[in-house]
Student: 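Please find one structure pasted underneath; my questions will follow.
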Amino acid sequence: MQGTVVGYSLRYWLTLITGLLECLLFAGLVFGHASLVFVLKKEEYFGWLCVDTNSTTDSKDCSGQDEQFSLVFTVASFLNNFLTLLNGYIFDHCGTLLTRLLAIALFSGGTLLVALSSPEFSNLLYPALSLLAVGGVLLLITNMQVGNLFPAHRSTIITFYNGAFDSSSAVLLIVKILYEQGISLRYSFIFLTICSSIHVARTFLLMPKTHIPYTLPENYTYGINCGKGNTDTVEETEIKEGPPTQESPETENMSLAPEGRTEAQNTEKVQSFGSCVKSRFFIFHLVWLSIMQLRHYFFIGTLNSMLNRLADGDSNLVSQYTNAFAITQLCGILCAPWNGLIMDRHKKKPLAPGETEQEADLRSSYLSLLLTALQCLLFSVCASIAFLPLQYFTFILQVLNRSFLYGGNAAFLSIAFPACHFGKLYGLVMAVSAGVSVLQYPLVSVVREYPFYVDISLIFLTLLAFIHPTNVFTHCRKQGRLRKDHPENRARHSSHRL
């Protein structure tokens, strides 16, 4: 029996580690856009859009080329988020196996299209990077449930995976370095296509067919030839416990996290999907994510042109700063767990009288939300200052904030709303925020003429992100006062004083 338990534990750890490597090396490749653009410019993709401005000095105006690369990234990042709604629905209703097979097919198609592209077929970059983006985020979605295997560290693992997703953009830095050493872009992406076979093997060996349930059944196992462990799925567990009831309007903002709750508590009330979407938590969270995501996408999409402007067209200097930016992205995997630790910091402390695990989780989350908004404000201020050496510090703030942003997004949704709606809510918040991120493309045209006004506007827009942590904080304060005013709690406090 002890050997069986050890086997389960080993499988859990293998799933955790291989999932981390999968997110780190593959899932977020599209966000290495700055490194890829440097190589594509050397290969003269969209080169026909560069116009000679001075026949004697061979100087060229490549603003049209920059706009095309920015549009490629805009389309890819939009689909990355917008289709997450559909992806979340597929994951919730079709399970892990089918979702991962779809993700692998999309990702492999994207890497193969980049390998087949050429300056003459530059437009292949549009479907290629879009497939990479959508396939990559699907891999991330299926991996975030691994946090359910380790309940005490659930938020930390979710943020860790999102940090690895951010850091995977540094893989294209390796592609850039290999290109400078003589290895073509085509060979690098053919290699990445072949690596998809590893994803297929992991899908069948180390991932469940449906979902990893929460709370985890005893001796739960999954994969091929796992013996006779408990393989109850989320759907089977819900059938055993009975159908959920819809939450009353008075408690529509009170999410029902399953952590630490008894079976009776879990089956008492389950918030409907509609009430989740209409809640202030969800609406303010959507504003929080959309604003900061727009700032990051605009920064990444215009980074190459910004560096060219600040470096006066010095290609070596642009390459140096591009490498620095890509290297800082590797730190995303190191930064993200800090956010998870902030959100999980209460786990080993006793709950306040009358406080549920869900309320304790929310109380810990508002500090994370506040720090994320503050980081984005500082990042926006530094990015708006036209001083090239300062951009090193901007890169650090950007990767720190981006790690907190996406890890905190997933962790907050898992805390504040029922687990049965996670895929749909995650998809919806990413899809709606995608519509906001499309604004980056018209901003690209405006920033060439009025960079100062665009930067100042984005700084003021970032201030709206502080509404969300303020709302969560006031909600927790209100719940704390209600607990203290409850007759049972007053009696308990009186007995303690006696």
Student: So E67 and L49, side chain to side chain contact (heavy atoms under 4.5 Å, CB included) or not? Walk me through it.
Tutor: CA-CA 10 Å; E67 283 192 17; L49 296 174; over 6 Å; no
Student: Can you list every pair that meets salt bridge (Lys or Arg N to Asp or Glu O under 4.0 Å) and has a residue in residues 364-388, with sequence neighbours left out?
Tutor: none
Student: Who pairs with E44 by salt bridge (charged side-chain N to carboxylate O under 4.0 Å, His left out), at least two apart in sequence or on another chain?
Tutor: none
Student: Just checking H475 against F281, ring centres under 6.0 Å apart?
Tutor: yes
Student: Centre of F31's six-membered ring, under 6.0 Å away, within 45 degrees of the axis: is that where NZ or CZ of R402 sits?
Tutor: yes
Student: Show your working on side chain to side chain contact (heavy atoms under 4.5 Å, CB included) between C276 and F282 and close with a plain yes or no.
Tutor: CA-CA 7 Å; C276 290; F282 184 82; 5.8 Å; no
Student: What pair of heavy atoms forms the shortest contact from T322 to A34, and how long is it?
Tutor: CG2-O, 3.8 Å
Student: Write down the atom of L25, the atom of L29, and the distance for their closest heavy-atom approach.
Tutor: O-CD2, 3.9 Å
Student: Return yes if some donor-acceptor pair links the side-chain N/O of N80 with the main-chain N/O of A76 below 3.5 Å, else return no.
Tutor: no
Student: Which atom pairs, one a donor and one an acceptor, fall under 3.5 Å between side chains of residues 124-136 and the rest of the protein, sequence neighbours left out?
Tutor:
residue, atom, partner, partner atom, Å
Y126, OH, Q68, OE1, 2.5
S130, OG, Y126, O, 2.7

Student: Give the minimum heavy-atom separation between L310 and L388, together with the two atoms involved.
Tutor: CB-CD1, 3.8 Å
Student: Might you point out which heavy atoms bring V200 and I104 nearest each other, and give the distance in Å?
Tutor: N-CD1, 3.7 Å
Student: In terms of heavy-atom contacts, does CZ of F189 have more than 12 from other residues, nucleotides or ligands at under 6.0 Å?
Tutor: yes
Student: Identify, with sequence neighbours excluded, every residue that meets side-chain hydrogen bond (donor to acceptor under 3.5 Å, both in side chains) alongside D455.
Tutor: none
Student: Main chain of C476, side chain of Y366: is a donor-acceptor contact present, judged purely on distance under 3.5 Å?
Tutor: no
Student: With distance as the sole test, does S122 use its side chain to make a donor-acceptor pair with the main-chain N or O of F46 at under 3.5 Å?
Tutor: yes
Student: If you measure from CD1 on I212 to CG on L149, what distance do you get to the nearest 0.5 Å?
Tutor: 4.0 Å
Student: Is atom CZ of F150 surrounded by more than 12 heavy atoms (other residues, nucleotides or ligands) closer than 6.0 Å?
Tutor: yes
Student: Apply side chain to side chain contact (heavy atoms under 4.5 Å, CB included) to residues V171 and F26 and explain how you reach the verdict.
Tutor: CA-CA 8 Å; V171 171; F26 302 99; over 6 Å; no
Student: Would a distance-only check, ignoring hydrogens and angles, find a side-chain to backbone donor-acceptor pair under 3.5 Å from S380 to I459?
Tutor: no
Student: Residues two or more places apart in sequence or in another chain: which of them pass side-chain hydrogen bond (donor to acceptor under 3.5 Å, both in side chains) with Y45?
Tutor: S117
Student: Do any pairs count as a salt bridge (Lys or Arg N to Asp or Glu O under 4.0 Å) and have a residue in residues 30-43, sequence neighbours left out, and if so which ones?
Tutor: K41-D66
Student: With no hydrogens and no angle check, just 3.5 Å: does a side-chain donor-acceptor pair link R202 and N143?
Tutor: yes
Student: Which residues satisfy the side chain to side chain contact (heavy atoms under 4.5 Å, CB included) test with L24, sequence neighbours excluded?
Tutor: A164, S167, I333
Student: Hey, what do you get for CZ (R295) to CD1 (I300), rounding to the nearest 0.5 Å?
Tutor: 10.5 Å
Student: As an exercise, state the distance from CG of N323 to CD1 of I177, rounded to the nearest 0.5 Å.
Tutor: 5.5 Å
Student: Looking at every heavy atom in both L185 and Y179, which two are closest together, and how far apart are they?
Tutor: N-CD1, 4.2 Å
Student: For the residue pair F466 and F473, is the inter-centroid distance of their aromatic rings smaller than 6.0 Å?
Tutor: no
Student: Could you list all the side-chain hydrogen bond (donor to acceptor under 3.5 Å, both in side chains) pairs where at least one residue sits in residues 284-293, not counting sequence neighbours?
Tutor: N81-Q293, H285-N409, H285-H468, Q293-Y406, Q293-S433
Student: Output yes when a side-chain donor or acceptor of T111 lies under 3.5 Å from a complementary backbone atom of L192, and no otherwise.
Tutor: no
Student: Distance-only, no hydrogens or angles: does the Q440 side chain make a donor-acceptor pair with backbone N or O of S437 under 3.5 Å?
Tutor: yes
Student: Rounded to the nearest 0.5 Å, what separates atom OG in S365 from atom CD1 in I342?
Tutor: 11.0 Å
Student: Suppose we screen for side-chain hydrogen bond (donor to acceptor under 3.5 Å, both in side chains). Which residues come up paired with S305, at least two apart in sequence or across chains?
Tutor: none
Student: Are T328 and Q398 linked by a side-chain donor-acceptor pair shorter than 3.5 Å?
Tutor: no
Student: For residues N162 and D166, is any side-chain donor paired with an opposing acceptor at under 3.5 Å?
Tutor: no
Student: Hey, is the main chain of S364 close enough, under 3.5 Å, to the side chain of S368 for a donor-acceptor pair?
Tutor: no
Student: Do S319 and K176 have side-chain atoms, one donor and one acceptor, less than 3.5 Å apart?
Tutor: yes
Student: Kindly state each residue pair satisfying salt bridge (Lys or Arg N to Asp or Glu O under 4.0 Å) with at least one member in residues 408-417, sequence neighbours excluded.
Tutor: none
Student: For this output row, return yes or no: ring centroids of Y321 and Y392 closer than 6.0 angstrom.
Tutor: yes
Student: With rounding to the nearest 0.5 angstrom, report the CG to CG distance, L16 to L21.
Tutor: 9.5 Å
Student: Go through F73 and Y297 one step at a time and tell me if the ring-ring contact (aromatic ring centres under 6.0 Å, His included) criterion holds.
Tutor: CA-CA 9 Å; F73 180 73; Y297 280 4; 5.8 Å; yes
Student: Looking at OG1 of T470 and CG of L370, how far apart are the two atoms once the value is rounded to the nearest 0.5 Å?
Tutor: 7.0 Å
Student: Any donor-acceptor pair under 3.5 Å linking the side chain of Q391 with the backbone of I385?
Tutor: yes
Student: Please list all pairs passing the salt bridge (Lys or Arg N to Asp or Glu O under 4.0 Å) test where one or both residues lie in residues 100-127, with sequence neighbours left out.
Tutor: E22-R100
Student: If I compare all heavy atoms of R186 with all of A115, which pair ends up nearest, and what's the gap?
Tutor: NE-O, 2.7 Å
Student: Got a sec, which residues hit side-chain hydrogen bond (donor to acceptor under 3.5 Å, both in side chains) with Y426, two or more places apart in sequence or on another chain?
Tutor: none
Student: Does the side chain to side chain contact (heavy atoms under 4.5 Å, CB included) test come out yes or no for Q375 and F379, once each step is laid out?
Tutor: CA-CA 6 Å; Q375 290 164 4; F379 157 61; over 6 Å; no
